[in-house]
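I have placed the structure first, in the form of structure tokens, so that the comments after it can refer back to it.
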Amino acid sequence: MVRLQADAPEQYAALFAKHEHRKGLPDLEGSEHGVVMRFAPNPSGPLHIGHARAAALNDAYVKQYGGRYILRIEDTDPKRVDPDAYEMVKEDIAWLGLGITETVTQSDRLPLYYDLCRQLIERGGVYVCTCDNEHFKELKQAKVACPCRDQPVETGLALWEKMLTHGFAEGEVTVRVKTDLQHPDPAMRDFPIFRILDAPLHPKKADAFVYPLMNFSVVADDHLLGVTHVIRGKDHIANTRRQRYIYDHFGWKVPVYRHYGRMGIEGVVLSTSQMRRGIDDGVYSGWDDIRLGTLRALARRGISPEAVKNAMLAIGIGDTDISFSWDNLFAENKKLVDPVANRYFFVPDPVTATITGAPHHVAHAQLHPGDAARGVRTLTFSGSVLLPGAELRPDVTMVRLKDLFNVSLAWDGATPSFTYAGDWLADARAAKAHIIQWLPAQESVPCTVLTPDGEMTGACEPAVRSELGRVVQFERVGFVKIDAVSENRIRAYFTHT
RNA sequence: GCUGCUAUAGUGUAGUCCGGCCAAUCAUGCGGGCCUUUCACGCCCGCGACUGGGGUUCGAAUCCCCAUAGCAGCACCA
């Protein structure tokens, strides 16, 4: 091996390159001339952490290879459309910072789908099936063609025309793709691509009643929009197989597909219907309630969009089922937030302490320990302070108030008395005293820190009021997002430690 | 049940295609230490995995077979 290194350094290097940790996403075949990819949510509610994976992965590949990134709103099922969701999805995508280059909405494109369906009838690739649904299922299970399958093209076109002019009621007719009735997977056999829906009315297209099914509109749009690569969950593997039949009937080029595995997410509610019910019942405060897994809830908790994207990219496109790790997300977020978050004192469960023998003193505490240029907060000591109750236990005889001075504790039973014990940090170190946060008794604002499973009450520096909407670090507590500020109260959400 | 996919430390991930560098990568987590006027950040050390069983081979995380487990789909949803 040593000789190889000497005789053929390139070969030697190549051998070892293989074992370096590969960074970034795996290459996509056929990406030499750029890519066209899409993110295709269903507008049934706001985006959640599960959507973020597809959104971030596609986004990253478009950035890597160059090309177009299409946002396609898939609203072809009026039952699953929430009119408010169009706007929410738009907001969520803006928050995530995706490089979307164009947006299309499928309900605007129904005529396109109708036209392509007619072409497919003419090609003999599909047929208009008027069989009873249950009956068709039986035939399908038995691998037997239904009578409609052999209809002449003219009949198919006539029935299609009758569909479009509302000559059928809901449930009476469906357009089916000719696949392979002998296919071992019944899910592949002559699946439907159009149906009639009389109710509910589509919130954006009240006059529509012939709707394409997802397997058709997706193929039509992927082709029409020039989509080259599709990255989506493995729940679509069967759909990919089905969609191939449509591509074949048209003679179209099939995009490159990658299907990533299922991502289990614990600790938050993700089901749109469950979230909506909870909001309606008043269990949740809204779509951004921090117990939910929506992107807006993460934003409210102080998670940055970059952290979300980074966490998703680290997970990648593997087809293994995985469980999403909040720890990893928090770690990504901490990397981003630690350098920029200002530091403040928050005293949980405050106890008022009057310190005898202490001179008046003005403390200057750095806004950020790594960046002196940011300046300091000024805290004036004039006799009484608020201290964290948890630090005052009968075995504690000395504490150091951070950036101030040392205090010794004398215990009369369970009641402590506090005495000034000098300014020297070295004394506190020698006594192994905790260096704790404190607040001037006269200069503090009541503050509540909400966590997904409870709340901490206490007080914080008045200056925190100026940090509304930002993430700060409450020293010795953790990072929090300042959510609401009023004259006499501050509310914050706990982000992570 | 049928059809398919997958299986590396607590979690995520690299390596698997084209067997030897793998006594297995990186991150996170956890434990310990250093640094530090935060239980943060940074630095150092440590813990911890190739699902099981056969086979092929001089040699298997990597190839083959079987088993097991998990997941997906089997809608006039997306």
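What you see is a predicted model, and the numbers here were worked out from it, not measured in a lab.
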- Task: Would you check if there is a donor-acceptor pair between the side chains of A:H51 and A:D92 at a distance under 3.5 Å?
- Result: no
- Just call it for A:R80: base, sugar-phosphate, or nothing, with non-hydrogen atoms closer than 4.0 Å on any strand. base
- Task: Remember a base hit wins even if backbone is also touched, and classify A:N42 as base, sugar-phosphate or nothing at under 4.0 Å, heavy atoms.
- Result: sugar-phosphate
- Query: Taking 4.0 angstrom as the limit, do A:R276 and A:D82 come out as a salt bridge?
  - Reply: yes
- Message: Counting the atoms with a prime plus P, OP1 and OP2 as sugar-phosphate, which does A:Q473 contact under 4.0 Å by heavy atoms, base, sugar-phosphate, or nothing?
- Response: base
- Note on the structure: Which of B:A72, B:A78, B:U37 is nearest the side chain of A:H236? It is B:A78
- Under 4.0 angstrom, heavy atoms only, what part of the nucleic acid is A:P369 near: base, sugar-phosphate, or nothing? base
- Classify the nucleic acid contact of A:N328 as base, sugar-phosphate or nothing, counting any heavy atom under 4.0 Å across all strands shown. base
- Give the nucleotide from the list B:C5, B:G73, B:U13 with an atom nearest to the side chain of A:K234. B:C5
- Note on the structure: With the side chain defined as heavy atoms from C-beta on, A:K140 is closest, among B:A40, B:A75, B:C71, to B:A75
- Item | G-U wobble or Watson-Crick pairing nucleotide for B:C22 (cut-off 3.5 Å, both distances) | none
- Message: Side chain of A:D235 only, heavy atoms from C-beta on: which candidate in B:G70, B:A78, B:C74 is closest?
- Response: B:A78
- Query: NA contact type, A:Q106, heavy-atom cut-off 4.0 Å: base, sugar-phosphate, or nothing?
  - Reply: nothing
- Query: Which one, B:U3, B:G12, B:C39, comes nearest to the side chain of A:R476?
  - Reply: B:C39
- No-H, no-angle donor-acceptor pair, A:E391 side chain to B:C39 base, under 3.5 Å: yes
- Message: Return the pairing partner of B:C35 with a 3.5 Å limit on both distances, Watson-Crick or G-U wobble; otherwise return none.
- Response: none
